[in-house]
Amino acid sequence: MQNNTFSTLFVGQNLIKLSAVDSTNNYLKNLASNSEPLAEGTVIMADHQFAGRGQMNNEWIAEAGKNLTFSLLLRPNFLKAIEQFFLNMAVSIALNNVLLKYLPVGLTIKWPNDIYVENKKIGGILIENVIVGSNIKHSIIGIGLNINQSDFKGDLKYKTTSISQILQQDVNLMALLNEICTQIEQLYLKLRAGKYTALKELYVSKLYRLNQVATYAAAADGKMFEGTIEGISNEGLLKIKPLDGKTVEFGFKEVAFI
Ligand code: BTN
């Protein structure tokens with residue numbers, strides 16, 4: 001544990017810095033399931049993850065020492081399991097708010113919770129909730145942001161970007177982590193205060209391709225169609241209106257952005 005000077009009430013006050021770990025989500029999950037109670041807001045950050053995990057069993061690859069890879073423990077017991085997407089919204093908005101200061105142009109949230117600059121991904125979120133009964137017991141919020149990495153290998157070269165690639169200048173990782181913890185705490189407190197409608201409106205207003213005609217593929221039949229993102233449901237389903245039909249709601253694995 002390290003005492004730090006983060007300007008927060010609880011998010012990041014207990015900060016554990018590791019030089020290398022398989023995945024900060026795995027590490028925090030193990031800590032949280034131990035009998036000792038772990039403080040809400042605990043953050044595990046790593047210089048290097050050798051088995052970083054992304055959504056849909058993808059790997060998360062980030063050059064050691066150049067990026068932010070960390071996991072945060074929250075206990076949103078006030079949220080029902082069916083409301084869990086509101087946590088994704090709060091965290092996505094928080095990251096978007098912080099990055100906006102550095103990257104004022106082209107920043108969006110690609111549903112469900114990728115952070116995009118124009119058509120490239122700059123960050124991702126992997127939230128793993130432990131649910132007891134119908135409520136969330138605790139949440140492991142894993143965040144990967146590309147900060148000072150200047151090149152990416154293979155396919156990532158075309159799909160991914162970083163702050164330093166865009167600005168041609170490096171950013172202090174700990175200062176950025178402080179800003180992120182501060183924003184997450186603010187948005188989380190809004191969520192805890194029940195500001196669901198405001199959070200959803202803010203999240204939708206930041207969506208990648210909102211109100212733009214674009215191509216999608218439905219997993220159910222593999223067919224491509226043109227349509228417009230209109231918003232999301234309270235459960236986090238994506239609402240797309242096909243050009244020639246009624247609005248359809250898609251779950252995470254049910255639609256691909258083409
Ligand atoms: C995604 O976009 O697919 C989600 C990526 C989440 C990556 C972060 S890095 C820190 C934390 N530890 C992990 O193993 N994954 C998350």
Side-chain angles (χ1 to χ4, degrees), residues 11-12 14-33 38 41-74 84-85 87-96 98-99 107-130 138-149 152-163 173-174 176-177 180-181 183-184 203 206-208 236 238 251-257:
V11 175
N14 182 22
L15 174 67
I16 300 171
K17 283 175 90 179
L18 307 170
S19 52
V21 69
D22 55 347
S23 148
T24 54
N25 266 36
N26 294 352
Y27 188 96
L28 183 54
K29 208 183 283 183
N30 285 337
L31 266 192
S33 63
L38 192 64
T42 292
V43 168
I44 309 294
M45 76 178 291
D47 284 343
H48 176 51
Q49 291 186 123
F50 45 85
R53 296 189 287 112
Q55 301 271 3
M56 307 229 273
N57 289 328
N58 287 325
E59 20 170 32
W60 184 260
I61 301 170
E63 196 179 328
K66 300 240 165 155
N67 300 292
L68 281 178
T69 48
F70 65 97
S71 301
L72 158 69
L73 177 75
L74 290 177
Q84 58 188 279
F85 197 73
L87 189 60
N88 294 56
M89 292 187 217
V91 176
S92 306
I93 295 167
L95 293 183
N96 194 278
V98 172
L99 291 180
L107 197 65
T108 55
I109 300 166
K110 183 177 174 217
W111 176 86
N113 45 24
D114 285 347
I115 309 296
Y116 261 54
V117 184
E118 308 292 357
N119 288 309
K120 289 184 166 182
K121 181 163 168 169
I122 196 164
I125 305 167
L126 177 65
I127 300 188
E128 299 182 286
N129 291 318
V130 172
H138 66 248
S139 303
I140 308 287
I141 298 164
I143 295 174
L145 286 174
N146 302 327
I147 311 297
N148 296 327
Q149 182 163 344
F152 296 90
K153 304 267 176 292
D155 250 18
L156 290 181
K157 202 172 262 174
Y158 311 105
K159 296 180 178 169
T160 304
T161 190
S162 66
I163 296 189
L173 294 179
M174 290 313 289
L176 195 59
L177 182 64
I180 292 169
C181 288
Q183 268 297 313
I184 290 180
Y203 173 89
K206 292 170 181 289
L207 277 181
Y208 175 71
L238 183 66
F252 184 35
K253 293 176 187 167
E254 294 170 0
V255 66
F257 287 58

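Indexing begins at 1, ligand by ligand and atom by atom, following the structure's order.
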Give a yes or no on whether the backbone of N30 and the side-chain of S33 come within a donor-acceptor separation of less than 3.5 Å. yes
For atom 13 (C) of ligand 1, which protein heavy atom lies nearest, and how many Å away is it? Q49 OE1, 3.3 Å
Okay, side chain of Q149, backbone of E63: is any donor-acceptor separation there less than 3.5 Å? yes
Could you tell me whether K29 and E128 have a side-chain N and a carboxylate O separated by less than 4.0 Å? yes
Which atoms of ligand 1 have any heavy atom of S71 under 4.0 Å away? 11 (C)
Within the side chain of S23, is there an N or O that forms a donor-acceptor pair under 3.5 Å with the backbone of G52? no
If you count the atoms of ligand 1 from 1 in the order shown, which ones are under 4.0 Å from a heavy atom of G54? 1 (C), 3 (O), 4 (C), 5 (C)
Check the pair L15 / L177 against side chain to side chain contact (heavy atoms under 4.5 Å, CB included), numbers first and verdict last. CA-CA 11 Å; L15 174 67; L177 182 64; 4.1 Å; yes
For K121, take its heavy atoms, then give the atoms of ligand 1 lying under 4.0 Å from any of them. 1 (C), 2 (O), 3 (O)
Distance filter under 4.0 Å to G52 heavy atoms, resulting ligand 1 atoms: 14 (O)
Which atoms of ligand 1 sit under 4.0 Å from any heavy atom of G142? 8 (C), 11 (C), 16 (C)
Considering non-hydrogen atoms only, spot the tightest contact between L173 and G65 and give its length. CD1-O, 3.7 Å
Atom 5 (C) of ligand 1 has as its nearest protein heavy atom W60 CE3, 3.4 Å
Please could you name the atoms of ligand 1 that D114 approaches to less than 4.0 Å, counting only its heavy atoms? 2 (O)
Is ligand 1 less than 4.0 angstrom away from at least one heavy atom of N58? no
Considering only protein heavy atoms, which is closest to atom 10 (C) of ligand 1, and at what distance to one decimal place? T24 OG1, 3.2 Å
Verify whether the ring centers belonging to F257 and Y116 lie closer than 6.0 Å. no
When you measure from atom 6 (C) of ligand 1 to every protein heavy atom, which one gives the shortest distance, and what is it? R53 O, 3.6 Å
Do me a favour and list the nearest non-hydrogen protein atom to atom 3 (O) of ligand 1 with residue, atom name and distance? Q55 N, 2.7 Å
Relative to atom 4 (C) of ligand 1, which among I125, N26, N25 owns the nearest non-hydrogen atom? I125
Show, in sequence, the C-alpha distance, side-chain angles and deciding distance for N14 and T42, and conclude whether the side chain to side chain donor-acceptor pair (under 3.5 Å) test is met. CA-CA 5 Å; N14 182 22; T42 292; 3.0 Å; yes
Between G124 and D114, which heavy-atom pair has the shortest distance, and what is it? CA-OD1, 4.3 Å
